[in-house]
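Read the structure below first, then the notes.
All figures in this text were calculated on a predicted structure; none of them were measured in a lab.
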Amino acid sequence: MIRMILTFLIALFASCSVVAQLRDNAAARVDSLLMEWDHPDMPGLAVAVVRDGKVLLKKTAGMANLEYKIPITANTVFTVASISKQFTAYAIAQLVIQERLGLEDEVHQYIPELPDYGHPITIFNLLTHTSGLKDQYDLLYLAGWKPEDVISNADALELIYRQQSLNFEPGTAYQYSNSGYTLLALIIERITHQPFASWCREHIFLPAKMDHAFFITDFRQLIANRAESYTVTETGFARSPIQSTTNGPNGLHATLDDLVAWTVFLNDAGRLDNRMRELIEQVPSMSGKTDSLQLFYGFGQAITQYRGEKLIWHDGSDAGYRSYVGRFPDQHTAIIVLGNQERIDPKNMAMQVADAVLADQLDASSPTVPATQKNIAPVSVEEAIEGQYVLPAGQQLEVFVIDHNIYARFAGADGFQLFPQGKDKFINTEQAVTLYYQKQGNEDIIAWQKGNSEPVPIQQLTDIDLSAFEEYLGTYRCDDLGVRYALVLRGNRIGLIQPRNTFIPLKQVAGDEFASGYWWLKQVQFRRDTGHAIVGFDINNSRAKGLRFEKVDTLRIN
């Protein structure tokens, strides 16, 4: 008997030693990851690992507020952006279990204001991003709204209701759409007869012991311990304000400890019955769906694999806020990353933490995630380097930016991307070229380097013949957005003037296809009549396709 007890104790001690070693290794790895952000003059992040309902490690680095030198703690409140969706979906799951709605219910049953698109849109479609609805943020920004504006669910709904077409027939494709989750929040309100934010507080946050979590409803609200949002500039950091109060697809404010409590709640078999767990941890399947559509997105979360193990996760991005919550359900392990600047890649960091925490349980033959951070050039630098240049060999070079991705193109050739290395160096190794940027007083200095040759200063061309674009100029109307754009020449650029007189430069991609530097205005495809005259254009983004503008008058070059 004594020998058996000794054997048991030795095995227990060995097991505890392994766990302790893994915990120490993970803590050391997280410390090394956070070292870069742990400075009193930088925004930062907060990281936690939860295993079997207990906190394995919790780390913070950097500043919640640079102006007042307030460090990030476990009680710092972050905007967690699209992490919000899993809570909206959890609310829907509760109503499904209570038989107050069904996944196959048609949305018009609850929201008759939504236009009839000739195809039914179901609750299932909204949850899984298979509705075909155009994304509300593409629509808002195309209609002239700005990121710093106060945007409410009512504002988003007004534009959603205006849309007379879908991106695709519901159930035939997957396309991420925030609009679907705004409609889900409205459905929850209409079924429960309670404001969405207060219902979630009562039925989700309080039971899960998420003491500081809330959906924001008033942009003026004072939020104790709030992390500021920051963007990268030429000289350091600047505030990147967000005043939106949209709820459902986003809008959740929470601390690291709140999200720790949430993952503990989800891991507790006594708190989460089998029906609920089945709903929120599996990719839902519906009869009659297109066989070729392979879904990976369920109730507000992606359900995938990492190094051979099931991973349920979502990330978030809004202004300078970055967030990630991922769970390895079979290992009862959760990883949370929250940050307040745009260079942080939370999913990448979380997977590096997973490599350390689950080193003995992940597939050793699968590749690990290399440490990366997002190199982002300041907008002022992007604007400074965009333009036409003549290189020393006489070649003409165009540098242009699309959605913060910097490209260059030689005359008559395909474009190639230039990747930022810091804020003043842009490289393409395949082309063996480097573009340098320097600010000297009020002057922008651009230099060009080919291979190992010395960098040579180059000048932007200012006298560019834009007469070829005259046929495109004019005023265009879009009824689905309720706006008019003017297409004009300004200086050496052609561009669109939006409502509120915002000038959006366009780059000619090929023929009648143009693009802008903004994610919400990716492709402008002009249309011609049988006489080859320009009659309008369509805007096609990944999340909002076929927004039709009709030409209503013509402008001439003076």
Side-chain angles (χ1 to χ4, degrees), residues 11-40 42-64 70-78 80 83 225 227 254-268 306-313 315 322-341 343-364 366-373:
L12 179 63
F13 176 77
S15 174
C16 291
S17 297
V18 170
V19 170
Q21 183 179 0
L22 283 173
R23 182 172 60 245
D24 292 343
N25 289 344
R29 178 60 178 147
V30 173
D31 283 340
S32 68
L33 291 172
L34 268 61
M35 189 178 301
E36 178 186 356
W37 315 98
D38 197 12
H39 298 282
M42 286 183 64
L45 69 168
V47 178
V49 178
V50 183
R51 177 180 284 179
D52 291 320
K54 301 187 184 310
V55 177
L56 190 66
L57 62 87
K58 189 190 298 183
K59 303 277 185 178
T60 62
M63 296 289 117
I70 300 172
I72 291 172
T73 72
N75 287 318
T76 298
V77 177
F78 292 85
V80 299
I83 301 294
N225 302 317
T255 67
L256 184 67
D257 280 344
D258 285 330
L259 294 175
V260 165
W262 174 240
T263 62
V264 170
F265 177 80
L266 294 178
N267 184 69
D268 188 345
Y306 178 68
R307 296 182 61 194
E309 298 300 327
K310 184 176 180 180
L311 174 62
I312 304 173
W313 64 277
D315 55 3
R322 298 295 181 265
S323 55
Y324 177 89
V325 176
R327 295 185 293 124
F328 292 88
D330 296 334
Q331 287 73 33
H332 305 286
T333 299
I335 300 170
I336 303 158
V337 178
L338 301 175
N340 63 333
Q341 67 147 300
R343 288 173 59 240
I344 293 168
D345 186 336
K347 185 174 188 292
N348 177 278
M349 181 170 288
M351 293 306 93
Q352 292 177 71
V353 174
D355 290 336
V357 174
L358 300 173
D360 60 336
Q361 298 179 62
L362 299 177
D363 182 357
S366 299
T368 59
V369 170
T372 63
Q373 67 174 32

**Study point:** Partners meeting side-chain hydrogen bond (donor to acceptor under 3.5 Å, both in side chains) with T255 (sequence neighbours left out)
**Key:** D258
Check your understanding: For K59 and L57, which heavy atoms make the closest approach, and how far apart are they?
Key -> CG-CD1, 4.1 Å
Point to revise | Close side-chain approach of M349 and R322, heavy atoms under 4.5 Å | key: no
Review point. Without hydrogens or angle criteria, can the side chains of Q361 and E309 be said to hold a donor-acceptor pair below 3.5 Å?
Key: no
Review point. Just how far is it from atom CG of D38 to atom CG of D31, taken to the nearest 0.5 Å?
Key: 9.0 Å
Point to revise | Side chain proximity check, D257 to K58, heavy atoms < 4.5 angstrom | key: yes
Revision key, fill the gap. Closest non-hydrogen atoms of A46 and L256, given as atom of the first, atom of the second and distance, are CB-CD2, 3.8 Å
Practice item. In sequence, state the C-alpha distance, the side-chain angles, and the governing distance for R51 and L358, and then conclude on side-chain contact (heavy atoms from CB on, under 4.5 Å). Key: CA-CA 10 Å; R51 177 180 284 179; L358 300 173; 3.3 Å; yes
**Study point:** Side-chain touch Y324/N348, heavy atoms, less than 4.5 angstrom
**Key:** no
Review point. Has the side chain of T60 got a donor or acceptor atom that lies under 3.5 Å from a matching backbone atom of I72?
Key: yes
Review point. Rounded to the nearest 0.5 Å, how far apart are CG of N267 and CH2 of W262?
Key: 12.5 Å
Exercise for review: Using a 4.5 Å cut-off on heavy atoms from C-beta on, say whether the side chain of T263 contacts that of I336.
Suggested key: yes
Check your understanding: Are side-chain heavy atoms of W37 and I344 found at a separation under 4.5 Å?
Key -> yes
Check your understanding: Quick one: are P43 and M63 in side-chain contact, heavy atoms under 4.5 Å?
Key -> no
Check your understanding: Which pair of non-hydrogen atoms, one from I312 and one from P329, has the smallest distance, and what is that distance?
Key -> CD1-CG, 3.9 Å
**Study point:** From L311 atom CG to Q331 atom CD, the distance as rounded to the nearest 0.5 Å
**Key:** 10.0 Å
Exercise for review: Walk me through it: do F328 and V357 pass the test side-chain contact (heavy atoms from CB on, under 4.5 Å)?
Suggested key: CA-CA 11 Å; F328 292 88; V357 174; over 6 Å; no
Practice item. Using modelled atom types only, decide if a donor and an acceptor are shared between the side chain of N340 and the backbone of G44 within a distance under 3.5 Å. Key: yes
**Study point:** Side chains of D355 and Y306, donor plus acceptor under 3.5 Å
**Key:** yes
Practice item. Search all heavy atoms of I83 against all heavy atoms of V325 and return the closest pair with its distance. Key: CD1-N, 3.7 Å
Practice item. Return yes if some donor-acceptor pair links the side-chain N/O of R307 with the main-chain N/O of D363 below 3.5 Å, else return no. Key: yes
Practice item. Report yes or no: does S323 contribute a side-chain atom to a donor-acceptor pair with the main-chain N or O of V80 at less than 3.5 Å? Key: yes
Review point. Are more than 12 heavy atoms from other residues, nucleotides or ligands located less than 6.0 Å from atom NZ of K310?
Key: yes
Study note, to complete from the structure: So OG1 of T368 and CE of M351: to nearest 0.5 Å the spacing works out to 12.0 Å
